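Each remark here refers to the structure printed beneath this line.
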Amino acid sequence: MKRIMLILILLLTFLCGCNRPYYEPEQTIIISAIGIDPAESGILLTLETVDTSTPEGGLEYSKKILKTSQKDCKSAFLSLQKSLGNRLSAEHCALVIKGKGLSEELLYETLIYLRDEQNLSQNTKIVSNENGGKMLQLKSRTGQAVGYDAVKILNMQESKSDLLKCNLYSVLSALHGGAPLTLPFFETEDDNYFLRGQYNE
């Protein structure tokens, strides 16, 4: 009988999710965009986050940039999570920017991690830029978040088929199947960014 009770207690402990940390809503940091650039150590991960609790200048939210260089995306997320103490949430991330020189293999591994472990949406847009991290540090045209603003620019394009090709789902399918990867390219010039069409990576 004691053995059965011990087994039940252990099962309840595992099933109740007591090992997972709990975060209040105000302890959650919303990620609007992610920049992935190659680095000597692996990748330079840049997160554009939005703070909905402290708007600036009458805007709906203000933005903040977080970045770290690690061997892979998982290590980068864990490092930032540990230093912040708050939960990073990629569920509302609208944009991922691939920096020049990032290998397709590393891009694929990073996107898989973001999808499976950070709940990145299948509708998140994947684009390219000379330097994803630097693009996210620019001031957006709307004064809010570069990630959300860049997606608005993409949505104004006439070719909806090209727009669908840069969704997370389509990009992962192309990378997995070895198909040519074509991403929308944003060019940065004079502290601004412009959509310059589709480019083969």
Side-chain angles (χ1 to χ4, degrees), residues 29-50 62-81 83-84 88 90 92-115 118 120-121 124-157 162-163 165-168 170-172 174-175 180-201:
I29 299 173
I30 299 172
I31 300 168
S32 53
I34 299 172
I36 312 165
D37 295 289
E40 287 186 12
S41 58
I43 67 167
L44 173 62
L45 188 76
T46 305
L47 305 181
E48 179 189 52
T49 67
V50 292
S62 56
K63 69 176 229 175
K64 184 178 181 181
I65 298 295
L66 307 170
K67 58 183 177 179
T68 184
S69 182
Q70 299 288 336
K71 64 176 182 178
D72 54 30
C73 191
K74 181 178 181 180
S75 301
F77 256 84
L78 291 175
S79 174
L80 287 173
Q81 187 92 47
S83 65
L84 294 167
L88 290 167
H92 301 286
C93 177
L95 189 76
V96 173
I97 308 171
K98 172 191 175 292
K100 184 178 180 180
L102 186 76
S103 69
E104 289 191 358
E105 181 182 358
L106 197 49
L107 175 64
Y108 182 74
E109 291 174 1
T110 301
L111 294 178
I112 289 291
Y113 170 78
L114 291 171
R115 183 196 67 183
Q118 300 299 330
L120 189 69
S121 169
T124 299
K125 304 293 184 271
I126 316 299
V127 301
S128 63
N129 181 264
E130 286 288 322
N131 188 304
K134 286 185 178 178
M135 178 175 164
L136 290 179
Q137 294 180 66
L138 298 175
K139 186 174 181 181
S140 77
R141 298 177 183 184
T142 59
Q144 298 179 346
V146 170
Y148 297 151
D149 184 49
V151 170
K152 287 179 184 177
I153 295 171
L154 288 171
N155 286 332
M156 288 189 292
Q157 303 310 302
D162 287 342
L163 192 60
K165 287 178 185 175
C166 71
N167 284 355
L168 174 64
S170 298
V171 171
L172 284 176
L175 289 169
L181 184 62
T182 303
L183 298 177
F185 181 78
F186 278 85
E187 183 178 333
T188 50
E189 183 180 314
D190 297 330
D191 294 330
N192 210 334
Y193 47 89
F194 308 90
L195 181 62
R196 292 301 189 196
Q198 303 278 334
Y199 285 82
N200 291 324
E201 294 297 312

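Fair warning: this is a prediction, and the values are worked out from it, not measured in the lab.
- The CD1 atom of Ile34 sits 11.0 Å away from atom CG of Leu66, with the distance rounded to the nearest 0.5 Å.
- Under the side-chain contact (heavy atoms from CB on, under 4.5 Å) criterion, Lys71 pairs with Ser75, not counting sequence neighbours.
- Contact check for Lys165 versus Thr182: no side-chain heavy atoms found under the 4.5 Å cut-off.
- One finds the NZ atom of Lys67 at 14.0 Å from the OG atom of Ser79 (value rounded to the nearest 0.5 Å).
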Could you please spell out the steps behind the side-chain contact (heavy atoms from CB on, under 4.5 Å) verdict for Asp37 and Leu102?
-> CA-CA 6 Å; Asp37 295 289; Leu102 186 76; over 6 Å; no
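- Take Lys100 and apply the side-chain contact (heavy atoms from CB on, under 4.5 Å) test, not counting sequence neighbours, and it matches Glu130.
- Looking only at side-chain heavy atoms (C-beta outward), Pro184 and Leu195 come within less than 4.5 Å of each other.
- With sequence neighbours excluded, the residues forming a side-chain contact (heavy atoms from CB on, under 4.5 Å) with Leu138 are Thr188, Asp191, Tyr193, listed by chain and number.
- Shown here are the side chain to side chain donor-acceptor pair (under 3.5 Å) partners of Thr110, two or more places apart in sequence or in another chain: there are none.
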Under 3.5 Å, which donor-acceptor pairs do the side chains of residues 38-47 form with other protein atoms, sequence neighbours left out?
unit_1	atom_1	unit_2	atom_2	d
Ser41	OG	Ser69	OG	2.7

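- For the pair Leu183/Val127, no side-chain contact is recorded, criterion being any heavy-atom separation below 4.5 Å from C-beta on.
- At least one donor-acceptor pair under 3.5 Å links the side chain of Ser32 to the backbone N or O of Glu48.
- Note that CG of Leu95 and CD1 of Ile126 are 7.5 Å apart. Values are rounded to the nearest 0.5 Å.
- Expressed to the nearest 0.5 Å, how far CD of Gln118 lies from CD of Gln81 amounts to 7.5 Å.
- In this structure, the side-chain contact (heavy atoms from CB on, under 4.5 Å) partners of Glu105, at least two apart in sequence or on a different chain, are Ser103, Glu109.
- With contacts defined as side-chain heavy-atom distances shorter than 4.5 Å, the pair Thr124/Leu114 does not qualify.
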